[in-house]
Amino acid sequence: MLIKLIGSAIVLCSCTAAGVFFAYKDRYRAEDLKEMKRGLLLLKSEISYNSKPLYEALIDISGKLNDTVSEIFEDSGRLLKSRKVGSASEAWEKTLLNRKGRTFYKKEDMDALIAFGQALGGSDIKCQLSNIDMAVDYIDTKSAELLKKHSKDSRLYKSAGLLGGILIVVVLF
């Protein structure tokens, strides 16, 4: 009997935790996007006002960011510095794809960030700045959508997790 109660508690807690995870998944994605926006705005100011090489700017920016986004900027800068890649866009894309599993970005986010990287370091300053502005606009609209969706769906996911756990416990025991 005690084993059944312990098993029931474990199943109930697991299902509730899964519901909470799914409830906050959109919020974590929005936070990752906002951190990327912060990095892009820092890159914009580096391009506009400083005359550092791109790899040095990327490495400097990585020290001002958090988590995986910081690693994306740092790894891109280090790849450029080591000259293991042919261009800045190749370094950016390679780093994004390597770090994809550590972020909450979806395919559409990755596509937008890779598209941003296509013009990175390969054109004049005006084009790069407008490209950063386009990426920031995408991030702003997507973040607003995600936060709206989170506020709407988070309670549903939490309740579904708890009720799913109760259903499994009732069916099994």
Side-chain angles (χ1 to χ4, degrees), residues 17-154 157 161:
V20 169
F21 173 75
F22 283 114
Y24 284 97
K25 196 172 182 179
D26 288 333
R27 186 171 175 193
Y28 295 145
R29 182 176 164 208
E31 287 173 5
D32 278 352
L33 285 170
K34 283 185 179 181
E35 190 67 15
M36 180 60 76
K37 174 186 173 183
R38 199 168 139 237
L40 293 176
L41 292 174
L42 288 169
L43 181 62
K44 182 178 179 179
S45 68
E46 287 284 337
I47 290 172
S48 298
Y49 303 113
N50 295 334
S51 59
K52 292 180 183 177
L54 184 58
Y55 71 85
E56 197 174 308
L58 289 171
I59 292 172
D60 288 348
I61 290 169
S62 72
K64 299 172 186 172
L65 299 174
N66 300 322
D67 302 326
T68 307
V69 177
S70 170
E71 295 170 6
I72 290 171
F73 277 84
E74 184 175 1
D75 290 351
S76 296
R78 297 218 185 277
L79 271 174
L80 272 175
K81 186 177 181 180
S82 69
R83 298 184 187 262
K84 292 182 180 176
V85 291
S87 65
S89 62
E90 189 179 335
W92 181 259
E93 184 175 351
K94 186 175 182 180
T95 304
L96 275 174
L97 294 176
N98 286 342
R99 298 288 179 191
K100 182 181 178 184
R102 298 193 57 209
T103 65
F104 286 92
Y105 297 143
K106 289 194 174 181
K107 183 177 179 353
E108 61 189 284
D109 302 330
M110 294 298 288
D111 291 342
L113 293 174
I114 288 171
F116 155 74
Q118 296 299 319
L120 189 64
S123 57
D124 64 342
I125 291 175
K126 278 187 181 179
C127 183
Q128 289 187 33
L129 295 178
S130 67
N131 193 30
I132 290 173
D133 289 337
M134 287 182 2
V136 167
D137 288 343
Y138 168 80
I139 290 172
D140 285 340
T141 57
K142 189 53 73 174
S143 294
E145 287 174 17
L146 289 170
L147 291 175
K148 185 177 178 182
K149 183 180 175 193
H150 168 72
S151 67
K152 184 179 112 180
D153 293 347
S154 67
Y157 283 122

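Residues take their numbers from the sequence shown, with the count starting at 1.
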- Task: Go through E56 and K81 one step at a time and tell me if the side chain to side chain contact (heavy atoms under 4.5 Å, CB included) criterion holds.
- Result: CA-CA 8 Å; E56 197 174 308; K81 186 177 181 180; over 6 Å; no
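Residues meeting the side chain to side chain contact (heavy atoms under 4.5 Å, CB included) test with E35, sequence neighbours left out: R38, L65, N66, V69. Scanning for side chain to side chain contact (heavy atoms under 4.5 Å, CB included) contacts around E46 gives N50, K52, A57, I61, K64, with sequence neighbours left out. Take L41 and apply the side chain to side chain contact (heavy atoms under 4.5 Å, CB included) test, not counting sequence neighbours, and it matches K37, V136. Contacts of D153 classified as salt bridge (charged side-chain N to carboxylate O under 4.0 Å, His left out), with partners at least two apart in sequence or in another chain: none. Residues that satisfy the side-chain hydrogen bond (donor to acceptor under 3.5 Å, both in side chains) test with D133, not counting sequence neighbours, are K44. F104 pairs by the ring-ring contact (aromatic ring centres under 6.0 Å, His included) definition with Y28, not counting sequence neighbours. With sequence neighbours excluded, the residues satisfying side-chain hydrogen bond (donor to acceptor under 3.5 Å, both in side chains) with Y138 are D109. M134 meets the side chain to side chain contact (heavy atoms under 4.5 Å, CB included) test with N131; sequence neighbours excluded. By the side-chain hydrogen bond (donor to acceptor under 3.5 Å, both in side chains) test, K142 pairs with E108, E145, sequence neighbours left out. Checked against salt bridge (charged side-chain N to carboxylate O under 4.0 Å, His left out), D26 has the following partners two or more places apart in sequence or in another chain: K149. Every residue meeting the side-chain hydrogen bond (donor to acceptor under 3.5 Å, both in side chains) condition with E71, not counting sequence neighbours, appears here in chain and number order: R99, R102.
Side-chain contact between E74 and L58: absent, with no pair of heavy atoms (C-beta onward) separated by less than 4.5 Å. By the 4.5 Å heavy-atom criterion applied to side chains, L113 and I72 are not counted as neighbours. Counting heavy atoms from C-beta on, the side chains of L79 and E90 never come closer than 4.5 Å. A 4.5 Å side-chain heavy-atom check between L96 and K100 finds every atom pair outside the cut-off. The closest side-chain heavy-atom distance from I47 to L129 is below 4.5 Å.
Sorted by first and then second residue, the pairs that involve residues 45-81 and meet ring pair (Phe, Tyr, Trp, His ring centres under 6.0 Å), not counting sequence neighbours, are F73-W92.
The structure places CG of D75 at 11.5 Å from CG of L80, a figure rounded to the nearest 0.5 Å. In this structure, CG on D137 lies 12.0 Å from CD1 on I132, to the nearest 0.5 angstrom.
Side chain of Y105 to backbone of D32: a donor-acceptor contact under 3.5 angstrom is found. H150 places a side-chain N or O within 3.5 Å of a backbone atom of A23 that can act as its donor or acceptor partner. Within the 3.5 Å criterion, the main-chain N or O of S62 finds a donor-acceptor partner in the side chain of S70.
Residues M36 and I139 approach most closely at CG-CD1, 4.0 Å, considering heavy atoms. Nearest heavy atoms, A30 versus S143: O-OG, 3.9 Å. Of all heavy-atom pairs between S87 and S89, the closest is OG-OG, 3.1 Å.
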